[in-house]
Amino acid sequence: MQGGERGEEHRAFELPPLLTRALTGSFSEHLAFMVASMLRAIDEADARITRLNEEINRQLLPLRAQVELLITIPGISLTLA
């Protein structure tokens with residue numbers, strides 16, 4: 001890459017115009033490295049959350065009837081149940 005060009009290794013979302021404008025210009029190699037590292041950490045955290053949610057749902061399968069009853073109580077959500 002030359003002249004400050006960056007590869008598009010991570011583009012999970014479109015950057016808002018204001019952020020794009022703020023990041024245009026002096027975006028050093030170090031800053032690019034740090035941002036890429038942070039984006040990977042966010043992706044890894046999202047993957048962990050997904051796996052945890054799947055495991056919680058799996059563990060709750062035997063209790064599904066009780067959970068369904070609990071969430072009929074006003075103010076009790078699926079998360080709280």
Applying side chain to side chain donor-acceptor pair (under 3.5 Å) to Glu54 and not counting sequence neighbours gives none

Is there side-chain contact between Leu63 and Gln66, with heavy atoms separated by less than 4.5 Å?
-> yes

Exercise. Short question: side chain of Thr50, backbone of Asp46 - any donor-acceptor pair under 3.5 Å?
Worked result: yes

Does Asn57 reach the side chain of Leu61, with side-chain heavy atoms less than 4.5 Å apart? no

Return a table of donor-acceptor pairs under 3.5 angstrom between the side chains of residues 68-81 and protein atoms on other chains or two or more places apart.
unit_1	atom_1	unit_2	atom_2	d
Glu68	OE2	Arg64	NE	3.1
Glu68	OE2	Arg64	NH2	2.7
Thr72	OG1	Leu69	O	2.5
Ser77	OG	Thr79	N	3.4
Ser77	OG	Leu80	N	3.2

